[in-house]
Protein chains: 2
Amino acid sequence: MMAPIVGVRVFRPPQRRRLHEDVAEQLRDAILENHYRAGDKLPPERELAERFGVNRTSIREAIKTLESWGLVVARQGDGIIVQPLVEASLDLIGPMIFRQGRIDTALLREMQEVVSVVLYEMARAAVERLKQEHLRELKEWRNRLADPSLPREERFAAARAIMVLVADITGNRVWQMVARRLRNMLASAPLQKTRERLQLDPSPLVGLIDSCVDAVEAGKPKEAVARLREALRVLGESSVGMPFGTAITPSLLRRRRST
Amino acid sequence: MMAPIVGVRVFRPPQRRRLHEDVAEQLRDAILENHYRAGDKLPPERELAERFGVNRTSIREAIKTLESWGLVVARQGDGIIVQPLVEASLDLIGPMIFRQGRIDTALLREMQEVVSVVLYEMARAAVERLKQEHLRELKEWRNRLADPSLPREERFAAARAIMVLVADITGNRVWQMVARRLRNMLASAPLQKTRERLQLDPSPLVGLIDSCVDAVEAGKPKEAVARLREALRVLGESSVGMPFGTAITPSLLRRRRST
DNA sequence: AATTGCCATTGGTCGGGCCATCTGATAATC
DNA sequence: GATTATCAGATGGCCCGACCAATGGCAATT
């Protein structure tokens, strides 16, 4: 009897425009919620097709998505084997943190620990390589960010755009890609709801952006870097509704290893 | 006439075990090599099926993979639209750097600029949270790394395992995932060939690991961090065959923005 | 006890068909 | 002439049924 826990899990009939997307997300969440563990096998495609109430083709397309996420490996004649989560794509960190409407605060903190370091250095590089044209674009976004007539989420979008702009200024494509993944993560629906609920506001950013611009124009790069770093930190804090780059919590000290 | 460059591109019949994988990689490379640009459309599925000489099902499965990489977006009734590369998954950085057997040294340097920062901080966190059991495992890998009877690539694998171990020691799952993606990238075939060609050797690492362990056991965490950082830097250098975390080249200063 | 060969299971591929949606051209209207 | 409504073709999404190919376990054999 393979994976007995699994047999009882009920999959709902897909409702999205694209069936395989819906199926892929349900299977993804089933794995992230540990209904299937590393080494377990997913039910056979034919059975999944029956349980989801869709054709096997759609199941297979969903499996392809899971495979490219590194969540499973399909082996002909054997089955679809679940991989350890730590081996999966970084693209899954978002869904891992925000699954089923809840926020995994522990993982979010771990994420912040890494991200804060990356953004910290990105700010330095950006100020170092900044040019006049960038400054103009920065000011445009700053104005949008400060416009009180805009809905909250649009101003947050402007804040995220500033983060992406900073990455673009560095001229480093890897930072550019990282910033965009981060932007998408911060734009996710669960976080939007959190911001709505907590009545969060991105306006504290405005002053920091201003003083950063001032410092650049005054020829004080070091101060500009400091302000920009502060701005990115505040952006993170106000977007997720909790301190960003905090000290290490005791729970972090527990050793977490792949199984 | 949509994307005229593309018409002449000849796809070879897939040869791998799994057709859709082969197809996905060929299409991926076609996009990475700029045969299709952002906004362009891929040929219709039915035409791709004909040109690859496979069934449309396999093409569709390949497209699903491209979609989950963020390389394309398929829209019913319209077509398959190529996305800007900067919007794609970080998983593509590997193939972007090592495509068609060549190494994109510019992008590799940009990658190094980001990665060196991440590893730098990871080393600090690891030493801070290190426990006895970790030290034992570290020594085991160290011995494997130093064993001259082992083939070169196996010793490099031990070096990469040390990097993953360091990430595991931090207890931070994000670092753990990042380190594993990095490990896979450093294990890629083109880099193996490079190491073979340049006769690279991981042995300089051994001394650094030793002195790191010594520093830990002597109760000198700061020195241990410094040694570990040096070790990670050397690991990168010796794995890719070029300086790691170097100064910024002028080419980096050119602004690279998404199109 | 070890080896060999067989077979059910399971993923991989195929061919064909129909539906849903979008785009662009055409026709109708003002 | 400009605008709007309509329609047909193109294209992705999904389904069905069938067969192939690899795997792993079981049974027969040695």
Side-chain angles (χ1 to χ4, degrees), chain A residues 1-4 6-7 11-27 31 36 39-83, chain B residues 1-4 6-7 11-27 31 36 39-83:
Chain A
M1 191 65 65
M2 171 60 65
V6 157
F11 294 110
R12 64 170 170 75
Q15 294 165 339
R16 272 275 258 326
R17 296 197 320 271
R18 304 208 294 177
L19 295 186
H20 59 86
E21 264 186 31
D22 196 326
V23 169
E25 288 180 14
Q26 285 194 60
L27 288 175
I31 295 173
Y36 301 90
D40 284 355
K41 282 179 191 171
L42 256 47
E45 294 177 350
R46 291 167 177 83
E47 184 188 329
L48 284 175
E50 205 170 350
R51 286 171 61 186
F52 275 101
V54 301
N55 191 271
R56 198 180 142 212
T57 310
S58 300
I59 296 294
R60 281 188 57 76
E61 291 184 0
I63 299 295
K64 290 301 152 290
T65 302
L66 295 185
E67 270 198 289
S68 66
W69 281 333
L71 272 185
V72 302
V73 168
R75 300 199 329 178
Q76 185 169 354
D78 189 3
I80 303 165
I81 296 117
V82 176
Q83 301 299 111
Chain B
M1 191 62 65
M2 174 58 67
V6 156
F11 295 111
R12 61 173 172 74
Q15 295 165 340
R16 275 274 265 315
R17 302 191 318 269
R18 305 206 293 178
L19 296 187
H20 62 262
E21 260 186 34
D22 197 324
V23 170
E25 287 180 14
Q26 285 194 60
L27 288 175
I31 294 173
Y36 301 91
D40 284 355
K41 283 178 189 171
L42 257 48
E45 294 176 350
R46 291 165 177 85
E47 184 188 329
L48 284 175
E50 205 170 347
R51 285 170 63 184
F52 275 103
V54 302
N55 190 272
R56 196 178 145 213
T57 311
S58 301
I59 297 293
R60 282 187 58 77
E61 291 184 1
I63 298 295
K64 289 302 151 293
T65 303
L66 295 186
E67 270 198 288
S68 65
W69 280 333
L71 272 184
V72 302
V73 168
R75 301 197 328 180
Q76 186 170 351
D78 189 3
I80 303 163
I81 295 117
V82 176
Q83 301 299 110

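Model, not experiment: these values are computed from the prediction. Note on naming: letters A, B, ... go to the chains in the order of the sequence lines (proteins, then strands), and numbering restarts at 1 for each one.
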Inset, instruction - Give a yes/no on whether any side-chain N or O of Arg75(A) is located under 4.0 angstrom from OP1 or OP2 of dG11(C). - result: no
Inset, instruction - Please determine if a side-chain N or O atom of His20(B) lies less than 4.0 Å away from the OP1 or OP2 oxygen of dG12(C). - result: no
Legend entry - Pairing residues for Asp78(B) by the side-chain hydrogen bond (donor to acceptor under 3.5 Å, both in side chains) criterion, not counting sequence neighbours: Lys41(B), Arg75(B)
Inset, instruction - Provide, to the nearest angstrom, the distance between the CD atom belonging to Glu45(A) and the P atom belonging to dT13(C). - result: 11 Å
Legend entry - Residues Glu67(A) and Lys64(A) bridged, charged N to O under 4.0 Å: yes
Check nucleotides 16-20 of chain D for protein N or O atoms closer than 3.5 Å to its own N or O atoms and list the pairs.
unit_1	atom_1	unit_2	atom_2	d
dC16(D)	OP2	Asn55(A)	ND2	3.3

Inset, instruction - Would you indicate what Ile63(B) reaches in the nucleic acid, counting non-hydrogen atoms under 4.0 angstrom: base, sugar-phosphate, or nothing? - result: nothing
Legend entry - Separation of dG11(C) P from Leu19(B) CG (nearest whole Å): 17 Å
Inset, instruction - Please state how far atom NZ in Lys41(B) lies from atom P in dT21(C), giving the value in whole angstrom units. - result: 17 Å
Inset, instruction - Establish, with yes or no, whether the OP1 or OP2 oxygen of dG13(D) is under 4.0 angstrom from a side-chain nitrogen or oxygen of Lys64(B). - result: yes
Might you list the N or O atoms of the protein lying below 3.5 Å from N or O atoms in nucleotides 4-9 of chain C, with each pair's distance?
none

Legend entry - Nearest-angstrom distance from the residue atom CD of Glu67(A) to P of dG11(C): 11 Å
Inset, instruction - Send over the distance from Glu61(B) CD to dC14(C) C1', rounded to a whole Å. - result: 11 Å
Inset, instruction - For Arg60(B) and dC19(C), give me the distance from atom CZ to atom C1', rounded to whole Å. - result: 13 Å
Inset, instruction - Give a yes or no on whether a salt bridge exists between Arg51(B) and Glu47(B), defined as a side-chain N under 4.0 angstrom from a carboxylate O. - result: yes
Inset, instruction - Give the rounded distance in Å between these two atoms: CG of Asp22(B) and P of dG12(C). - result: 15 Å
Inset, instruction - Give the intermediate values and the outcome of side-chain contact (heavy atoms from CB on, under 4.5 Å) for residues Asn55(B) and Leu19(B). - result: CA-CA 10 Å; Asn55(B) 190 272; Leu19(B) 296 187; over 6 Å; no
